[in-house]
Amino acid sequence: MAKRELYKLSGHWDHYRDGMFILGDPDDEEKECFALRPMTCPFQYQVFLNRARSYRELPMRLGETSTLFRNEDSGEMHGLIRVRQFTISEGHLILRPEQLEEEFKGCLELAKYCLDTVGMLDKCTFRFSQWDPANPKNKYEGTKEQWEEAQATMGRILDNLGVDYKIGIDEAAFYGPKLDIQYKNVYGKEDTLVTIQIDMLLAAIYGMEYVDADGQKKTPYIIHRTSLGCYERTLAYLIEEYAGALPTWMSPEQVRFLPVTDRAADYCADLAAKLTAQGFRAEVDYRNEKIGRKIRDAQIEKVPFMLVVGDRDMENGTVSPRHRADGDLGAMTFDAFAALLKEIVDTKAKK
Amino acid sequence: MINVTLKGGVVKEFEAGTTAMEIAKSLGMGLYKAACVCRIDGAVQDLRTPLTADCALEILTAEDPEGLRALRHTASHVLAQAVKRLYPQTKLAIGPAIDSGFYYDFDTDVAFTPDVLDAIEAEMKKIVKEALPLERHELEPADAIAYMEEKGEIYKVELIREHADKGEKISFFKQGEFDELCAGPHVPDTSRVKAFKLTSATGAYWRGDSSKKMLQRIYGTAFPKKEALEAHLAALEEAKKRDHNRVGRELEYFTTVDIIGQGLPILLP
């Protein structure tokens with residue numbers, strides 16, 4: 001959080017006041033007033049501002065996993081998709097103007113890599129979010145010339161990168177245009193999953209400068225970006241994409257041992273411990289329930305691998321894994337199973 | 001006589017004052033039955049509009065987004081009419097068409113439980129069977145306000161007051177005993193709303209303002225044909241199975257707790 005004064009400088013006080021949680025009386029200038037941060041930018045900029053900077057230090061890429069607070073309407077709340085407190089993996093890149101295109105490309109590649117790895121990239125659409133030239137004072141800082149330059153630059157970058165985008169008027173941030181990577185929920189409602197924003201305005205407001213090769217003080221450009229989005233919303237879409245059956249590599253519980261009788265309990269405990277030591281997430285269902293019940297529960301809870309362990313497995317020193325989608329994999333040695341599991345997890349297979 | 005340019009550039013002569021509906025009929029019963037609204041010189045209007053000068057006319061069915069929107073908008077009027085018939089004390093707020101259907105907001109003490117929604121749906125089906133024509137009429141703002149005040153419709157009065165100083169007349173659409181403040185356009189009569197379903201009921205603040213009264217909103221959807229409605233409802237059921245808000249909670253990926261508050265989920269290990 002920070003004092004009201006920071007948000008007055010950043011522009012949030014003018015453009016975003018209703019969206020912030022304010023601590024204290026916002027209109028009493030005599031007393032201190034704070035607000036929980038809705039965005040990280042001004043805080044990261046203090047890192048840059050901590051010392052005099054030279055052009056050699058740019059691009060300065062500042063990353064952070066930050067928790068943000070936004071006072072959304074209670075009617076707007078929806079599960080994990082729209083919340084009042086969220087944690088986001090994000091960053092700000094402080095750049096010389098000529099580095100803009102290269103760094104933007106890097107940010108886009110990072111975002112695509114993340115989204116592709118979790119299996120969401122295919123359903124993403126891209127929106128080039130621009131300001132509304134008919135309503136400049138509506139919510140936007142900066143002059144018409146600055147906006148036109150920023151948007152022309154961004155349009156060129158997007159076209160050079162071959163991004164298939166649609167244009168969204170009046171969707172830009174108050175300080176610059178952005179590329180929003182959009183996603184739809186199961187009901188078809190679209191929201192922003194990842195965003196990459198070009199900012200040619202705010203650095204001047206904060207007094208951010210660097211000394212260029214010619215000894216002159218210059219104002220940098222900034223890219224605001226997230227890589228995977230915020231945990232809450234991204235997780236929501238992942239749950240919907242996979243109907244709750246998250247791929248093994250990200251599943252909270254990867255393997256569940258189901259001892260048929262108590263006799264197998266120690267054997268299962270032993271094997272589960274071995275898997276845990278290897279870095280997997282394994283549990284044992286020790287409950288005094290029929291095996292049919294244990295199997296059904298593991299299925300309902302969408303555990304990727306189920307290992308039913310009876311007397312025969314113990315005698316032969318084997319396991320009989322069953323995958324929630326692929327079914328019975330047959331009896332195999334524990335080592336063979338561990339190797340199979342390692343391959344699926346290491347390759348981030350979508351199963 | 002006026003010259004009306006139809007789809008494909010075909011120009012036909014009609015008597016001045018012919019309605020778009022009559023023209024649609026002359027072009028074919030199939031088109032007439034499927035017609036929802038029309039476009040006269042680019043502006044979407046309802047089919048009862050008389051054509052008084054040379055113009056370009058396009059008949060829009062539910063295949064066209066404007067036609068579908070009008071169908072759903074009429075469905076919301078049918079909903080409001082049904083609610084007023086069953087619960088006359090109810091005050092009406094706003095009921096538009098939306099992306100996938102329509103909704104209507106009501107100020108009432110009646111709880112819209114599934115049973116009540118079933119009763120409202122049944123009444124809506126009656127209204128559809130009555131095939132009530134939707135007829136547009138206009139009033140001067142002062143008369144419109146008096147009209148709505150007389151009926152006790154305080155939200156409609158508020159809406160009219162906002163438009164009163166624009167110097168325009170206020171339009172209404174009458175269907176049987178029900179007269180609704182509305183700019184339109186609408187389908188010709190209630191029999192067109194053949195395939196509809198009320199899907200849920202939630203709370204909604206008047207004007208989205210949490211300092212104002214909490215109204216009750218009924219959501220529904222409507223399609224030109226039964227098959228499309230059924231396909232849509234089936235897809236909705238499928239979607240519910242994947243809804244993270246349900247699945248995520250069931251699988252204990254997250255939870256929300258009343259005492260912590262709305263919009264503040266707890267991620268579980």
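A, B, ... follow the sequence lines: proteins, then strands. Residue 1 opens every chain.
- Contacts between residues 258-269 of chain B and chain A, defined by a heavy-atom separation under 4.5 Å, are made by B:Gln262, B:Gly263, B:Leu264, B:Pro265, B:Leu267.
- Comparing B:Lys240, B:Lys241, B:Glu238, B:Arg246 by how many heavy-atom pairs each has under 4.5 Å with chain A, the most go to B:Lys240.
- With a 6.0 Å radius and a threshold of 12 heavy atoms from other residues, nucleotides or ligands, A:Asp25 has its CG atom above the threshold.
- The local environment of CD in B:Glu250 is crowded, with over 12 non-hydrogen atoms from other residues, nucleotides or ligands closer than 6.0 Å.
- Scanning residues 299-308 of chain A against chain B with a 4.5 Å heavy-atom cutoff picks out A:Ile300, A:Glu301, A:Lys302, ordered by number.
- The shortest side-chain heavy-atom distance between B:His244 and A:Glu232 does not fall under the 4.5 Å cut-off.
- Atom CD of B:Glu162 is surrounded by more than 12 heavy atoms from other residues, nucleotides or ligands within 6.0 Å.
- Around the CZ atom of B:Arg69, the shell of radius 6.0 Å holds no more than 12 heavy atoms that belong to other residues, nucleotides or ligands.
- The number of heavy-atom neighbours closer than 6.0 Å to CG of B:Asp209, taken from other residues, nucleotides and ligands shown, is above 12.
- At a 4.5 Å heavy-atom cutoff, A:Glu72 makes no contact with chain B through either its backbone or its side chain.
- Atoms CG and CG, on B:Asp243 and A:Asn185 in that order, are 7.0 Å from each other to the nearest 0.5 Å.
- Interface summary for chain B: among A:Tyr187, A:Phe86, A:Tyr242, A:Tyr231, the most heavy-atom pairs under 4.5 angstrom belong to A:Tyr187.
- For A:Pro252 against B:Tyr253, the heavy-atom pair with the smallest separation is CG-CE2, 3.3 Å.
- The environment of NZ in B:Lys7 is sparse: at most 12 heavy-atom neighbours from other residues, nucleotides or ligands sit within 6.0 Å.
- Of the listed residues (B:Thr256, B:Leu236, B:Leu251), the one with the most heavy-atom contacts under 4.5 Å to chain A is B:Leu251.
- Annotation: A:Lys342, atom NZ; neighbour count of heavy atoms from other residues, nucleotides and ligands within 6.0 Å does not exceed 12.
- Applying the 6.0 Å contact sphere to CG of A:Asp164 captures no more than 12 heavy atoms from other residues, nucleotides or ligands.
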